[in-house]
Each structure stands twice: as structure tokens, then as C-alpha cells.
Amino acid sequence: MPDPIYFHADCNSFFASVEETFHPEYKKVPMAVAGDPASRHGIILAKNELAKGYGIKTAETISSAKRKCPELLLCPPRRGEYGEFCDRINAIYETYSNFVERFSIDESFLDMTFFRGDELTIAHEIRERVARETGITISIGVSWNRTFAKMGSDYKKPNAVTHITRENYRRILWPLPVGELFGVGRKMVPELDKYSIRTIGDLANTSEAFLLRQFGKQGEYLHASANGLDDSPIARTGEYDPAKSIGNGKTFRRDLTSEQDIRTGLIVLADSVAARMRRAGVKCTTVQVTIKDSALKSITRQKTVRPTYLAADLVQACLDLIHASWPKGKPIRLLTITAQNLLPAEDAVEQLSLFDAPGASKDIEQLERAVDGIRERYGGNVIQHGSVLRNDLGIYSGEDE
């Protein structure tokens, strides 16, 4: 049976590229999309190619970027337009395959195994068509597995196609730092370095049994990924995770007693659960919270909510349950948020109350999806709520237990 043919298509500097379609003059100057252009403490969400030349990085502060490039042009994000461009680009992908899995707002996997024709010719055709029809350039990685396809799209940018084959993957990928392997988080890099595992090749050539002993199932998974043994399929277009619930829990470094502590803990958990629901294409209609004190006495409460996959909704539902069920000021050592009664997002009709601001949910969704994309690319902790940054609870946004 022939190898699968997988594409990973990644939009180049997506937010900035969308801005350039509205303002072509932005292509001639260093430009960045910033979370709050009026604030020196806002962060850079995306930058164009000229801004990259000044060494400006995604997620650095505006003040830092301005020191590197005083003439940097800043513009606020167009959250609605980013989602619309995402839909337009994926509609193009879907003319080539029935298996298009959206990975983030600017990334998608395509299973092209059964498409007739040379895969590189098709990849270049898709790249050129997206640029022609939307004004957005993309880079495409082509390989027989998801991991190497994604790494291929990162290997050469912008507006490029990279083919990672069974014949060349050792030459192209194995010399790269181990942190470049998809799935190796920033915390794992120094742990691997303790055992002189510094490149992807080092990881691939380390005993699988040793990695399993040191790092458990994650070590086994990373060894397989480095050797091109990732056999995970690409989901059919629109397919969603059939799981009945999605949850995340955390035991905190110290007791939570104040309203701010509790909200901070819930924010971290809700961010993770909501992002996983969005990736799975589902919304929940029930939110459950489990609360434990330092003596490990616990209660579980749940409530029905309108269909949602937004972190803000999960936090509010859990706060309502805690206020109604847990004595004010009583210490909390563990919280778990579970989203239940999941529905396909497209089937979950949202009914707004008379008191909801028109478009408010859409604005929040666009913001949370934008954060999803940045975290997928640059790591779960690259963007955090201010309350999380200031906490001493031993928690960080994007971590799952």
C-alpha cells in the first residue's frame, strides 16, 4: 500500500497579510498587528516581512519592537476579517480533498493521498491559487506523515513548498535543534539536554526504552515522531471529536481563598478546555466544576448553559456554581472544569438573550481563536492573562494536567 500524502498549509504572517490586502501600502513599510497599538505594553500579534528584517518577534511587547524599529507602523486586529479569510482559504483546500482538518486559524492539514497527479505540482497549484484568489501567501509542507508535513511548512518561508521524503528527512530534519520537532515543548528541551539530546537526530537515535523510562509515553511519542513513525490520520472535513466530555484540572501550589485567586485558576483551566473544544469542532451545553479543599474533601456541581466553546463562558458558569455552592473564603486546593453534553459546533444554535450585546460572542470568539493560533505556533505560554502572570499559584496558561 502506498504511503499517505499529507499537506500542511500554513498562511505566512497571516494577520499582517490580511491587513496588507486592505492596505497594499503596508507592504512598503515595516508593519505589525498589535493587541493594543495605543499601549506600550501591548504585544505584537503578527508582523510583515519588512518588520521581520528588524528582528521583531511575535508576542514581544510593543515597546521592545519600537526600540528595534522606531518607524514601525502598528494597526489593531480585524478579528472578524481573519475568520472570514480563514474560511475562504479552507474553501479552496476543500476543492482538492474531502479531508481538510483545520489546525488553527491559519493552518490546515490536507490528506491528498487519493488526488490524481504529482503531489508537488498540486501543492504549487494550491499555493498559487490561494495567493491569486485571496492575496495571502502560504507555505506547504508535503510528507507521508503529519509531523513532517508540519515541519516542512515551517522549513522554508514565505510562499514555498518543501517535500520531506523517506529519502531526505534525515538530511533535512535531523540536524535541527530538538526544540524544532513538532510536539517538543520549551520545558522539554532542557530535560532532553540533560542526556545530551540536542538535535532531532539525537532524539531519533536514542533508545526508545530509555526515553520511555525517563519521560513516559511522551518520550515514546517523541521518539516515534523523530523517526517519521507518526501514523495519526487527518480528519474528514467537518469531522469532530466524538468524546462525551472535555476537561482539565489542577492542584494549586497554595490554597485559593480570594475571588481573584479563584478566577485566575479558572481562567487557566477554561482556556485549555475551550481551545480543545474549538479544535474538536464542538460546543458544550453543560459545565461541571469539581472543587477540593486541602483536606481533599470535594463537591461537584454542574449547570446547563447555552451552547459554547468560549473560555469566558466557562469561567462565568464556574464562578456562578462556586458562589452558590462553596462558602466564601473557604480554601480551595484543586479545581476541575469539565465541558459536557458536546454537540457539533455547526449544529449548536446559540440563542442570545435580550441583554446580550449584538456581536459580543463573535468578537470574543475571534479573539480566543486568534490566541489559539499564536499558542499553537509559539507555545502555550506565549500569551497569558495578566492575572496569570502576576499569580504565585504555580499555574501557566496552556498547560494541561
Side-chain angles (χ1 to χ4, degrees), residues 7-37 42-60 62 65 68-69 71-96 100 102-110 123-141 149-162 363 365-378 382-383:
F7 288 7
H8 180 263
D10 188 5
C11 299
N12 303 137
S13 303
F14 182 54
F15 294 175
S17 296
V18 172
E19 297 300 331
E20 289 177 345
T21 67
F22 290 100
H23 298 280
E25 66 273 17
Y26 287 176
K27 296 179 181 180
K28 301 176 182 178
V29 297
M31 182 273 293
V33 179
D36 183 5
I43 65 167
I44 302 297
L45 299 177
K47 66 280 182 192
N48 68 4
E49 289 300 314
L50 290 176
K52 287 181 184 178
Y54 286 85
I56 293 171
K57 307 290 185 182
T58 298
E60 75 173 299
I62 289 174
K68 295 176 181 177
C69 179
E71 65 271 28
L72 180 68
L73 176 66
L74 298 173
C75 61
R78 299 170 181 258
R79 299 186 180 93
E81 283 81 355
Y82 301 154
E84 291 173 8
F85 269 80
C86 173
D87 290 341
R88 287 171 57 192
I89 291 168
N90 277 275
I92 295 173
Y93 300 156
E94 289 164 14
T95 65
Y96 292 87
V100 177
R102 299 192 187 192
F103 191 62
S104 70
I105 195 169
D106 61 346
E107 299 175 82
S108 293
F109 286 101
L110 292 73
H124 282 293
E125 179 182 317
I126 294 173
R127 178 183 58 79
E128 292 166 1
R129 184 176 166 192
V130 169
R132 183 173 63 251
E133 296 182 19
T134 70
I136 305 298
T137 64
I138 64 174
S139 293
I140 299 178
K150 178 163 174 51
M151 295 183 69
S153 69
D154 289 333
Y155 189 75
K156 188 186 298 182
K157 291 185 176 183
N159 201 20
V161 172
T162 299
D363 289 344
E365 178 177 345
Q366 295 296 339
L367 176 60
E368 291 193 15
R369 283 191 177 277
V371 172
D372 288 346
I374 295 170
R375 284 176 173 164
E376 291 284 0
R377 181 176 295 183
Y378 297 100
V382 71
I383 293 183

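These values consider heavy atoms only, across backbone and side chains, with no hydrogens, waters or symmetry-generated copies.
- One finds a salt bridge joining E107 and K150 here, because a Lys/Arg side-chain nitrogen approaches an Asp/Glu carboxylate oxygen to under 4.0 Å.
- Relative orientation of the F103 and H8 rings is perpendicular, given thresholds of 30° and 60° on the angle between their planes.
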For the pair D10 and I138, evaluate side-chain contact (heavy atoms from CB on, under 4.5 Å) and give the outcome as yes or no after the intermediate values.
CA-CA 5 Å; D10 188 5; I138 64 174; over 6 Å; no
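- The shortest non-hydrogen separation linking A46 to A16 is CB-N, 3.8 Å.
- A search for side chain to side chain contact (heavy atoms under 4.5 Å, CB included) contacts involving R88 returns F85, T134, not counting sequence neighbours.
- Minimum heavy-atom separation, C69 to I56: CB-CD1, 4.0 Å.
- Among the candidates E20, K47, H23, the single residue satisfying the side chain to side chain contact (heavy atoms under 4.5 Å, CB included) test with M31 is E20.
- Summarising the geometry, atom CZ belonging to F15 is positioned 7.0 Å from atom CG belonging to D106; distances are rounded to the nearest 0.5 Å.
- When all heavy atoms of R127 and A160 are compared, the pair lying nearest together is CD-N, 3.8 Å.
- Counting only N and O atoms by type, the side chains of N48 and S17 include no donor and acceptor under 3.5 Å apart.
- Taking 4.5 Å as the limit, some side-chain heavy atom of L73 sits within range of a side-chain heavy atom of Y26.
- How far CD1 of I92 is from CD of E125: 11.0 Å, rounded to the nearest 0.5 Å.
- Expressed to the nearest 0.5 Å, how far CZ of F14 lies from CD1 of I136 amounts to 6.0 Å.
- Put simply, the side chain of I44 reaches to within 4.5 Å of the side chain of L74, judged on heavy atoms.
- Taking CG of L110 as the reference point, atom CD1 of I126 lies at 5.5 Å (rounded to 0.5 Å).
- Heavy atoms only, all atoms of each residue included: A123 and I140 are closest at O-CD1, 3.4 Å.
- Shortest non-hydrogen contact noted between G83 and I105 is N-CD1, 4.2 Å.
- Looking at every heavy atom in both residues, A9 comes nearest to Y93 through CB-OH, 3.3 Å.
- For the pair V33 and P76, the minimum side-chain heavy-atom distance is 4.5 Å or more.
- Separating the OG1 atom in T21 from the NZ atom in K27 is a distance of 8.0 Å, to the nearest 0.5 Å.
- Between the side chains of K52 and S13, at least one donor-acceptor pair of N or O atoms lies under 3.5 Å.
- Under the rule for a salt bridge (Lys or Arg N to Asp or Glu O under 4.0 Å), the partners of K68 that lie at least two apart in sequence or sit in another chain are E60.
- Contact annotation: the side chain of D87 approaches that of R102 to within less than 4.5 Å [non-hydrogen atoms, C-beta and beyond].
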Verdict with reasoning, S139 to V161, per side-chain contact (heavy atoms from CB on, under 4.5 Å)
CA-CA 6 Å; S139 293; V161 172; over 6 Å; no
Show your working on ring-ring contact (aromatic ring centres under 6.0 Å, His included) between F7 and F109 and close with a plain yes or no.
CA-CA 6 Å; F7 288 7; F109 286 101; over 10 Å; no
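- Put simply, CD on E71 and CG on L50 are 10.0 Å apart, with the number rounded to the nearest 0.5 Å.
- In this structure, a donor-acceptor pair under 3.5 Å is present between the side chains of T137 and N12.
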